[in-house]
K.L.:
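I'd like to ask you about the structure that follows.
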Amino acid sequence: MPELPEVEVLVRHLNPLVRGLTIHDVLVRRAKVIAPVSARTFSRAVRGARFAGVSRRGKYLVFDLRAARAAGPLQLLGHLGMTGRMYLLPAKAPLPKHAAVVLGLGRTKFVFEDTRYFGRLTLDCSGMLRLGPEPLGPQFSVEGFLRALQRSRQPIKVKLLDQSLVAGIGNIYASEALFRARLAPTLPARELTRLQVARLRLAIRNVLREAIKCGATVPLNYAGSGQRDGLFYFGRAPGAPDFYEERLRVYDRAGRPCIRCGTPIRRQVQAARSTYYCPHCQNSR
Ligand SMILES: [Zn+2]
């Protein structure tokens with residue numbers, strides 16, 4: 001599932017491609033993804049609008065639009081959910097089976113494809129209001145992080161998935177950050193010392209920065225035609241090195257030796273999600 005780094009990589013890719021383009025037609029094939037407004041209201045609002053830019057907040061893509069008629073700016077909030085992909089295709093290319101929303105942009109079209117329909121592309125921006133600070137921004141301080149953790153009895157791994165604590169971390173980078181900070185995933189959030197919180201904050205920032213630098217960790221499954229056509233291709237080119245394996249130190253490595261100490265990595269289920277950790281290096285209680 002895409003987390004902050006994957007969304008950031010996608011935003012940096014999409015922004016220069018769509019900026020300045022006008023939405024000429026709107027096709028909504030899955031009304032659920034644009035809820036709560038109807039396809040009719042959605043189409044009316046965005047048809048004729050121009051993309052002013054794409055940015056990121058947490059795991060959301062924020063599309064800034066300049067509406068054709070309405071005064072003032074308009075925002076579209078995108079979320080990839082589990083399997084969502086957003087990319088451009090030539091206007092004449094056939095639509096993929098699971099295209100949920102398609103925005104005609106003249107010679108190209110913006111496609112939001114989602115096989116499982118947990119993603120969103122909506123005018124409702126209220127989801128952003130509940131988000132905590134950006135982990136790579138100046139608001140994410142040791143003091144603020146410490147105060148928020150002290151209010152929680154949840155295990156630290158589970159708490160890190162709470163988007164109101166810090167925005168954009170999901171299951172993969174929560175495990176990775178705890179490994180780097182050498183903290184047991186089961187440690188109750190409020191029992192972390194100030195020093196441990198400072199170490200975890202730094203680990204989070206480093207793990208996210210490195211992931212952004214390397215590009216997407218989790219392939220977003222867009223196979224497309226399998227050919228690079230100058231438009232969006234979000235998959236691994238055939239024969240490309242498997243960065244996914246190399247870059248993750250504990251995630252999805254159960255039974256394999258810890259890169260630091262050689263102890264087999266363990267998998268444990270916490271709040272119905274898999275946690276991966278080294279029982280030797282992360283023995284912080
Ligand atoms: Zn280890």
Side-chain angles (χ1 to χ4, degrees), residues 1-9 59 82 132-136 140-146 148-150 152-163 165-219 236 240-285:
M1 194 192 298
E3 300 182 26
L4 185 152
E6 291 77 33
V7 177
E8 178 66 26
V9 168
K59 298 180 205 172
M82 308 272 287
E134 280 294 318
L136 298 177
F140 184 48
S141 65
V142 176
E143 290 312 317
F145 194 28
L146 179 65
L149 292 177
Q150 279 171 345
S152 173
R153 289 167 194 263
Q154 286 184 309
I156 184 63
K157 156 65 186 352
V158 176
K159 187 62 187 167
L160 283 177
L161 305 181
D162 176 355
Q163 300 299 296
L165 172 73
V166 54
I169 299 171
N171 212 35
I172 295 172
Y173 297 106
S175 281
E176 291 295 312
L178 287 168
F179 174 75
R180 291 199 190 200
R182 303 194 183 208
L183 293 171
T186 48
L187 199 61
R190 65 181 191 179
E191 287 180 22
L192 267 73
T193 64
R194 194 182 189 285
L195 202 65
Q196 288 174 325
V197 170
R199 223 161 64 207
L200 179 56
R201 174 181 166 275
L202 197 64
I204 288 170
R205 289 163 75 100
N206 287 339
V207 85
L208 296 176
R209 278 206 193 100
E210 282 173 28
I212 292 170
K213 206 169 154 192
C214 282
T217 302
V218 181
R236 209 169 52 216
D242 193 350
F243 289 115
Y244 179 75
E245 290 259 322
E246 283 171 28
R247 288 175 42 215
L248 300 178
R249 299 184 185 174
V250 284
Y251 186 81
D252 209 14
R253 293 177 63 97
R256 296 171 63 188
C258 168
I259 57 157
R260 204 184 271 146
C261 75
T263 305
I265 297 298
R266 273 194 207 152
R267 172 182 172 271
Q268 180 183 340
V269 175
Q270 289 182 289
R273 312 283 305 275
S274 290
T275 300
Y276 297 89
Y277 67 103
C278 171
H280 177 75
C281 296
Q282 295 172 259
N283 183 18
S284 50
R285 291 204 75 170

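Side chains are part of it too, since the values below use all heavy atoms of this structure and drop only hydrogens, waters and symmetry mates. Atoms within each ligand, like the ligands themselves, are counted from 1 in listed order. Keep in mind that what you see is a predicted model, and the values were worked out from it rather than measured.
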K.L.:
Do any of the N/O/S atoms of H280, backbone or side chain, fall under 2.8 Å from the Zn ion (ligand 1)?
P.N.:
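Checking the Zn ion (ligand 1) against H280, no N, O or S atom falls under 2.8 Å.
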
K.L.:
Is the distance between the ring centroids of F145 and F140 under 6.0 Å?
P.N.:
yes

K.L.:
Of all heavy-atom pairs between L165 and A148, which one has the smallest distance, and what is that distance?
P.N.:
CD1-CB, 3.4 Å

K.L.:
Does the side chain of R190 pick up a donor-acceptor pair with the side chain of S152 at under 3.5 Å?
P.N.:
no

K.L.:
Can a salt bridge be assigned to the pair R209 and E8 using a cut-off of 4.0 Å between side-chain N and carboxylate O?
P.N.:
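Result for this pair is no, no salt bridge flagged.
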
K.L.:
Calculate the angle formed at the Zn ion (ligand 1) by SG in C261 and SG in C281; 10° precision is enough.
P.N.:
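My answer is 110°, to the nearest 10°.
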
K.L.:
Rounding to 10°, state the angle centred on the Zn ion (ligand 1) that links SG in C278 with SG in C258.
P.N.:
110°

